[in-house]
Amino acid sequence: MPLSADPTSAAPDRPRMDADIVCVGFGPAAGGFLTTLAAATMNPDGSPALESPSMPGMPLQVMCYERADDIGFGVSGVVTQASSLRASFPELDPAQIPMAAPVTAEKILYLLDPIGASRRPFILRAADRTIRTLGGFLGVKHHAIELPWTPSFLNKHGGLVLSMGQFTQWVGNQLMATGTVQIWPASPVSEAIIENNAVTGVRLSDQGVTRDGKPSAGFTPGMEVRAPLTVIADGPAGAVGQQLDEHFGVPHGHHLHDWALGMKFVVDLPDSCELAPGTVLHTIGFPEPEIFGFLYVHPDRVASLGIFVPSWFDSPVRTAYRYLQHWMMHPYLWRHLKGGRLRSWGAKSLQESGRRGEPHLTGDGFARIGEGSGSTNVLTNSGVDEAWATGVQLACAVIDLLTAGKPFSRENLDATYVKRRRASQLDAAGRIAEKARDGFQRGVVPGLIGTLLTGLTRGAVSMPGRPCPPHARVPGLENYYAGRISKEEIARIRKDCDTKGIAASGILMDRVGWPAIPLDGELLVSHQDALLMGGKVQASAGYADHVVFLYPAECVSCDSKICVEMCSGQAITPSENGRPVFDREKCIHCGACLWNCAKAHPHNPEHALVSFQAGSGGLHSAEN
Amino acid sequence: MSTLFLAHPEPDGTLAKSALEALSATIQLAASLETPFCVGLVGENPGPAANSIAGCGAARILTVSGAQFSQARYATDAAAAEALCRATAATLVTTPATSRWNRVLPGVAHRLGGHADSHVTGLTVAAGQPSISRWFYRQRMEAVFTRSTRPWLLALEGGIAPVAAVSNRQAQVTAPIENITLTLPATRTQVTGFEAPASDQQTIRPDADLLFVTGAGWTKKQADGKVKAAEAGALILDFLRLSRSSLGSTKSLVDLGGEGQSVLPFLSHLNQIGQTGSTPRHAKGLATCCHGEEPHTVGWRFIGERRAISMDANCGWARGKADILYVADAFAVMAEVNALLAT
Amino acid sequence: MYQIIVCGSLVPDPLQTLEPITGPAGPALRNEMMLPASLDPWARHALYEAANLATIHPGSKVWLVSLGPKAKLQQVMMTIAQKVPFELIALDGPTGGFTDAAETAAALADAISAIPGLDLSKVLLFGGWESASRGAGATMQIVGERLSITEQFQGVDSLTIGDDGSLRIMERVEGGQHQVSVCNAPPAVIGWATGNLPEPSNNPRVGMSNMRGIMAALQTIKPAPVGTGDITFTSVALPTQTRTTRIIKDIPPAQIAADIVAWIKGG
C-alpha cells in the first residue's frame with residue numbers, strides 16, 4: 001500500500017510541457033535559488049547569459065510552481081540573522097520590505113503559571129515555588145522573569161524581524177520584474193516524475209475532480225512539466241519531498257521524528273503598548289512547559305506572536321489555538337496586547353530534526369533545498385536565512401553546471417551543490433546543533449539543559465535522548481488525564497464530541513482548570529473566526545481532498561483522535577462512526593495531521609495513517 | 001442652480017415606490033438648496049404618471065414619449081435623458097437607481113460634460129452645497145463627498161426618503177406637462193422580452209418584508225452525521241412559499257454548485273448577497289446556517305431588524321450584527337416555523 | 001471574428017479586512033500595497049466570457065486592458081494568465097476605489113484607441129458591470145461613449161451570437177428577472193454580471209504563452225496617474241453601528257419558531 005495515491009496519474013491525455021528548471025514551492029529557499037539564478041541569467045545589456053538547453057536560442061526557461069493562491073500566503077514567525085539575505089542583497093534597506101524591522105532588543109522570559117492549570121513536572125513546580133518565594137529578589141514581575149542574558153547561540157542582534165508573506169511577496173515581485181523566471185501561484189505539484197530512478201520533471205495536480213480525485217465536470221489532467229533539473233523546495237510537509245523520501249529513502253541514521261506546529265497571530269498593538277519595533281521576546285514555561293512562545297514587533301504598532309507546540313509534548317490534546325490564547329493572556333504579555341486587534345493568523349509545521357532530517361540532497365535530475373532539506377538550525381531556532389542559503393548554494397552550482405555544459409546528474413550536483421553546502425557555515429552550524437534537542441525526548445528540563453549545554457560547548461556536549469516517530473509518543477487520553485478525569489467521564493466526553501463533530505480538547509481543558517477564554521471579537525476570537533478574520537481561508541473548487549485517512553477503519557479504534565485535536569483549522573472533525581472527516585474548505589495546509597496521528601502505518605513504522613498530499617487553497621493572508 | 005428629477009413609469013403606467021422615494025429625496029434636496037426643481041419622465045406614454053405627481057411642487061414636468069421609449073435601451077434612454085437635461089439646464093439630476101437609469105446615467109453625464117454617481121444612499125446640503133453618501137468596496141465603507149463639476153447626476157437608492165413627502169404636497173398647484181420631441185438616435189438594439197423563473201420558482205422578491213438568508217451550513221453534515229440537502233431544499237422552499245419572503249444566499253453556498261456537492265438547485269448567483277452579490281433592502285432579515293465575518297456579511301448592510309439561527313453562539317455572522325441570535329438547529333426550527341405558518 | 005477588449009482592474013482579495021485612511025491623494029486603504037490583490041471579480045467573469053467567445057469564433061482576439069500599480073499587476077497576472085489566453089495592455093496607476101470613474105475611463109479609452117488594427121465594427125467591449133472597489137457601474141459606459149459605442153448593456157449574464165451575427169443579450173433587471181435584447185452587430189459594450197461560466201482550470205501552457213506578451217506589456221507600461229477628479233471627500237468610514245446581539249439558547253425549537261413567526265407577522 002503506497003503512503004499516498006494519485007488516482008488519476010494514469011490519465012491518458014495528460015498534457016506535457018518542457019522547461020529547463022522546474023522548482024516546486026516558492027518560499028525562502030526558492031527565493032534564494034531564483035534570485036541568484038536570475039541575476040546570472042541575463043547580461044547587463046538584456047541579452048541571455050545562459051541559453052536554454054531545451055530550447056536552443058531561447059533564454060533559460062525556469063518555472064516555479066507554488067501551491068498557495070498567491071506568493072505572499074506563506075507563514076512563519078521570522079526573526080533572522082539575515083546574513084545570507086544580506087549577502088544576496090548587499091544594499092538591503094529593511095524599509096523596502098513591508099513589516100521588516102531591524103532587531104533592537106532581545107529578551108528570554110520564563111513565564112510562571114498564573115492559573116495553576118499547567119501540567120508541570122515536579123522539578124519545575126519546585127523551581128516555580130522558589131522563584132515566587134524569591135520574587136522580589138529575582139525580579140519577578142507579571143508572573144515572569146526576564147532572563148538576565150540571552151545565550152549567544154540564540155542572539156539575533158543585527159538581524160531582522162520579518163513577515164514571511166510580505167518578504168516572499170517582495171522577493172517574488174523583484175524576481176518577476178526581471179522577466180527571467182516565472183512563478184506560478186495556485187499550482188500544486190502532485191508528484192515528481194521518476195523514471196529509472198531519475199527525476200525528469202513534475203506533475204501538477206488534476207483539476208475538475210471530485211473530493212476523492214475522480215474526474216468530474218471540467219476535468220483537466222495535471223500537466224507534466226519535464227525538465228532536466230527539478231528543484232524541490234516544498235517545505236517539510238511537501239508532497240514531492242515526501243514522495244522522494246519514500247522512493248529514495250533517507251540517509252542512514254537520518255529521520256523525521258521531531259516536529260512542531262507554529263501558530264501565530266499578527267496583531268495591531270493597542271495604543272498603550274510601549275514595545276518598540278524590533279523587539280524580540282522568547283518565552284518558555286507557559287501555557288505548558290513544553291510550549292515555547294515568541295513575540296516580534298514590526299513597525300507601525302504591529303506584532304507577530306505565537307507558540308510552538310512540539311511533537312515531544314506528550315499530550316493527546318495538544319491543540320495549538322486554545323493554548324495560544326492562554327499564552328497571549330499571560331499577565332506579562334497581556335499588558336502589551338490587551339486592547340489589540342487580530343489582523344492575521346496562520347500556522348505551519350516545522351521540521352525539528354534539523355540536519356538529522358536531511359534527505360538525500362541530490363539525485364539524477366533533482367536537488368533539494370530549504371527546510372525540507374534539513375537546513376533548519378534547531379539550536380539557534382533559525383530556518384529562513386538557512387533555507388535561503390541553501391537556495392543560493394544550489395543556484396551557484398546550477399550556474400557552474402550550465403556554464404560547463406554538464407548534465408544535472410547526481411554526481412555533478414554532488415560535486416557542486418552538496419560540496420558547497422558541506423563546506424558552508426550553514427552545514428557546520430547544523431552539525432553543532434544536531435543533538436541540541438535530544439534532551440527533550442526525556443522531558444522539558446533535560447531538554448532545556450541539553451540545549452544550553454550544546455550551545456555553550458558548540459556541540460561537544462549534549463543531553464542524550466532517542467527521538468522516535470511522533471505516533472509512538474502519543475499517550476491515550478486516559479493515561480494523560482489519569483488522576484484528573486475518570487475513564488468514564490473521558491468516554492462520555494469523547495462520545496459526545498464524536499456526536500457533535502467537535503474536538504474534545506476544549507472540554508477537556510475546561511475540565512482540568514483552564515479558564516474559558518473571554519472572547520471579545522477583536523483579539524480573543526473563536527477558532528472559526530480566526531480562520532475568517534485572520535487567515536481568510538478559502539479553498540478553490542475542483543481539487544481533490546489532500547488529506548486522506550489511509551486506513552479509516554483503524555481510526556475507529558483510535559482513542560486520542562489527535563489529528564482532530566491538533567488540526568489548526570478545525571478542518572478535521574470526529575464523527576459518530578469514529579472516522580475523522582476532512583473539510584477542505586477549512587484547511588490551511590499546516591501539515592499537522594501528517595505527524596499528529598497516534599497509529600503507525602502497517603507497512604512503514606516511520607509513518608502514520610494520515611496522508612498529506614498536494615492540495616490547493618488555504619490561507620489568503622499576506623501578513624503571516 | 002436647478003434640479004431635474006428623472007423617472008420612468010412602470011409597464012402599468014404608474015411610478016414605482018423607488019421612484020417616489022427618489023422624488024421625495026429630490027423635493028427635500030431642492031427645498032434645502034432653496035431652488036426650484038423639474039421632473040422629466042421617459043416612457044411610451046408617461047402622461048398618467050406625470051399627472052399622478054403633477055402636484056409634487058415641480059416647476060416644470062417634461063416628458064419624452066413614444067413607442068421607442070417603452071423599451072429600456074441605452075441609445076434611446078441616453079438620448080432622452082440628455083435632451084431633458086439640456087432642456088432644463090439642470091445642474092443636479094436625480095433618478096431612482098433602477099437598472100434602466102444605472103445603465104445610462106454615466107454616459108449621459110459624459111455627454112453633458114458632467115459626472116454621475118450611483119448607489120447614492122444619502123443626500124445632505126451644507127452651506128448651499130449638496131453632498132452625497134455612498135458605499136465603496138462592496139458596502140464595506142461609507143463615504144460622504146461632493147463634486148464641483150456640474151451637471152452632477154445621481155442615482156438614488158431605494159429607501160433614501162419616505163414616499164410621504166410626495167403625497168403631502170398633492171394639494172398644491174400642478175405643473176404644466178410639456179412633451180419634448182427629439183430626433184431618435186440610431187439604434188441597432190431591440191428589447192425582445194423578459195425571462196423570469198416560473199412564479200412558483202421565483203425566490204427573489206425585492207418588495208418582500210423579509211430577506212431569508214441561507215448559508216452553507218444547510219448542505220453540511222448535520223448533527224446525526226448526514227447531509228440533508230433535499231430536506232434543506234424543501235424546508236427553504238416551503239418557508240419562502242409560506243412567508244412570501246425573498247431568498248438570499250451566501251457566496252459559499254452558491255459556489256458549492258461548482259464543487260459538485262449536494263446543493264440547492266433553485267439557488268443561482270442572482271440570490272447571492274454580500275461581498276460579490278447584492279445588498280438588498282428589506283425591513284427584516286433572518287439568517288440561517290451562516291458563518292462569516294465582515295466580508296461575508298455586507299449582505300446585511302441594508303436590512304432593518306436582523307435575526308439569526310446558528311449552532312454557534314460565537315457566530316461571527318450574528319454577533320454584533322444581528323439583534324437576536326437563536327442558538328439552535330435550523331432544520332428543527334424552520335420545520336416548526338413552517339408548521340406554524342401553514343396553519 | 002471579433003476584437004474582444006476586456007477592461008478590468010485590480011481589487012483587494014475579497015477576503016481581506018479593509019480599513020480607510022486619508023492619504024496624500026485623498027482616501028485610501030490602510031496597507032493598500034500590502035494587501036493581496038486579484039482581478040476584479042466581475043471583470044474576471046468578463047474575461048472568461050471573452051475567452052469562451054473567442055474559442056467559439058476562431059480568429060477572434062482577446063485583450064485585457066488593466067490599470068493598476070505595476071508590481072501588483074505583475075503579481076495578479078501570474079494567477080490570471082494561467083486561466084485563458086489574452087494580450088495584456090497595462091496602465092500603471094492607482095487602483096483604489098476612490099479614484100474617479102471618468103478619469104479611469106479616459107485612460108482606458110485612450111489605451112484602447114491606440115490598439116494597432118482596432119476595427120470598431122468588430123469590437124465587443126467587455127468589463128464588469130461594477131467593480132468591487134468603486135462599485136460605481138460607470139466606467140464601461142464612459143469608455144463606450146468615448147469610443148462612440150451606443151449599444152450598451154449592463155448586468156449581463158448571457159451573450160449568445162446568432163447565425164446572422166446578431167447578439168442576444170440577457171441583462172439583470174429588477175425582481176430577479178433578465179431583460180432580453182437583440183443587437184444586430186458589434187460594436188457593443190457589455191458590462192458583465194456573473195455570467196454562467198465556471199472558473200477555468202489553471203493551464204500552465206496558457207500561462208507560458210500569455211507570459212511573453214505580459215512581460216513585454218509590463219516592461220513598456222505607461223503611467224496613468226488617475227485621481228479623484230473633482231471630488232472632495234468629507235469622510236470615509238467603516239460602519240460603526242454595532243448591534244447588541246441577544247443570544248437565546250437552550251429553548252425548544254417550537255418555542256423559537258413561535259417567536260420567529262410572531263416577529264415575521266408583527267408589523
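This is a predicted model, so every value here is computed, not measured. Here is how names work: the chains are called A, B, and so on, in the same order as the sequence lines, proteins then strands, and each is numbered from 1.
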Going through the distances and angles, do B:Arg138 and C:Glu130 end up as a salt bridge (charged side-chain N to carboxylate O under 4.0 Å, His left out)?
-> CA-CA 10 Å; B:Arg138 300 303 299 160; C:Glu130 286 186 354; 3.1 Å; yes
Legend entry - Within 6.0 Å of CZ in C:Arg246, more than 12 heavy atoms from elsewhere: no
Under a 4.5 Å heavy-atom criterion, the part of residues 156-168 of chain C in contact with chain B comprises C:Asp157, C:Arg168
Honestly, the part of B:Phe239 sitting under 4.5 Å from a heavy atom of chain C is side chain
Output for pair (B:Leu210 CG, C:Ile260 CD1), nearest 0.5 Å, gives 10.0 Å
Quiz item: Any side-chain heavy atom of C:Leu18 sitting closer than 4.5 Å to one from B:Met141?
Solution: yes
Whatever's closer than 4.5 Å to a heavy atom in chain B on C:Pro186 counts as backbone
Applying a strict 4.5 Å limit to non-hydrogen atoms, the region of C:Ser131 in contact with chain B is backbone
Checked C:Ala237, C:Pro252, C:Ala193 vs chain B; the most non-hydrogen pairs under 4.5 Å come from C:Ala237
Counting heavy-atom pairs under 4.5 angstrom with chain B, the leader among C:Val182, C:Ile247, C:Leu29 is C:Val182
Of all heavy-atom pairs linking B:Arg147 and C:Asp100, the shortest is NH2-OD1, 2.8 Å
Counting heavy-atom pairs under 4.5 angstrom with chain C, the leader among B:Leu325, B:Thr187, B:Leu341 is B:Leu325
Whatever's closer than 4.5 Å to a heavy atom in chain C on B:Ala186 counts as backbone
In terms of heavy-atom pairs under 4.5 Å with chain C, the winner among B:Glu336, B:Arg307, B:His119 is B:Arg307
Counting heavy-atom pairs under 4.5 Å with chain B, the top scorer among C:Thr228, C:Val180, C:Val236, C:Ile142 is C:Val180
From the list B:Leu340, B:Thr149, B:Asp323, the residue making the most non-hydrogen contacts under 4.5 Å with chain C is B:Asp323
* To do: Taking atom types as modelled, find out whether B:Ser99 and C:Glu171 have a side-chain donor-acceptor pair closer than 3.5 angstrom.
  => no
Donor-acceptor check, side chain of B:Arg134 to backbone of C:Gly135, threshold 3.5 angstrom: yes or no?
yes
Turns out that what part of C:Glu19 lies under 4.5 Å from chain B's heavy atoms comes down to backbone
If one checks every heavy atom of C:Pro198 against chain B at 4.5 Å, the contacting part turns out to be neither
Highest number of heavy-atom pairs under 4.5 Å with chain B among C:Gln255, C:Arg172, C:Gln154, C:Glu199 belongs to C:Arg172
Turns out that what part of C:Asp259 lies under 4.5 Å from chain B's heavy atoms comes down to both
Under 4.5 Å to a heavy atom of chain B? For C:Ala101 that would be neither
With chain C, the option among B:Leu270, B:Ile204, B:Thr98 that has the most non-hydrogen atom pairs under 4.5 Å is B:Leu270
Shortest non-hydrogen pair, B:Tyr137 vs C:Pro12, comes out as CE2-CD, 3.8 Å
Whatever's closer than 4.5 Å to a heavy atom in chain C on B:Ile309 counts as side chain
Interatomic distance, CZ@B:Arg306 vs CZ@C:Arg243, rounded to 0.5 Å, equals 3.5 Å
Looking only at heavy atoms, the pair that brings C:Ile256 and B:Ala328 closest together is CD1-CB, 3.5 Å
Across all chains, not counting sequence neighbours, the side chain to side chain contact (heavy atoms under 4.5 Å, CB included) partners of C:Val84 are C:Leu47, C:Tyr48, C:Ala51, C:Phe86, C:Pro200
Comparing B:Ser268, B:Gly107, B:Ala196 against chain C, the one with the most heavy-atom pairs below 4.5 Å turns out to be B:Gly107
Of all heavy-atom pairs linking C:Gly175 and B:Pro206, the shortest is CA-CG, 3.5 Å
Whatever's closer than 4.5 Å to a heavy atom in chain B on C:Val261 counts as side chain
Okay, C:Met170 and chain B: the region with an atom under 4.5 Å from a heavy atom over there is side chain
The reported gap from CZ in B:Phe136 to CZ in C:Arg134 (rounded to nearest 0.5 angstrom) is 8.5 Å
If you tally heavy-atom pairs under 4.5 Å between each of B:Ala75, B:Ala283, B:Gly193, B:Ala78 and chain C, the highest tally belongs to B:Gly193
Cut-off 4.5 Å, heavy atoms of chain B, and the answer for C:Thr244 is backbone
For C:Glu151 and B:Arg73: C-alpha separation, side-chain torsions, deciding distance, then whether salt bridge (charged side-chain N to carboxylate O under 4.0 Å, His left out) applies. CA-CA 8 Å; C:Glu151 307 307 309; B:Arg73 172 177 42 202; over 6 Å; no
Is the gap between the ring centers of B:Tyr74 and C:Phe153 under 6.0 Å? no
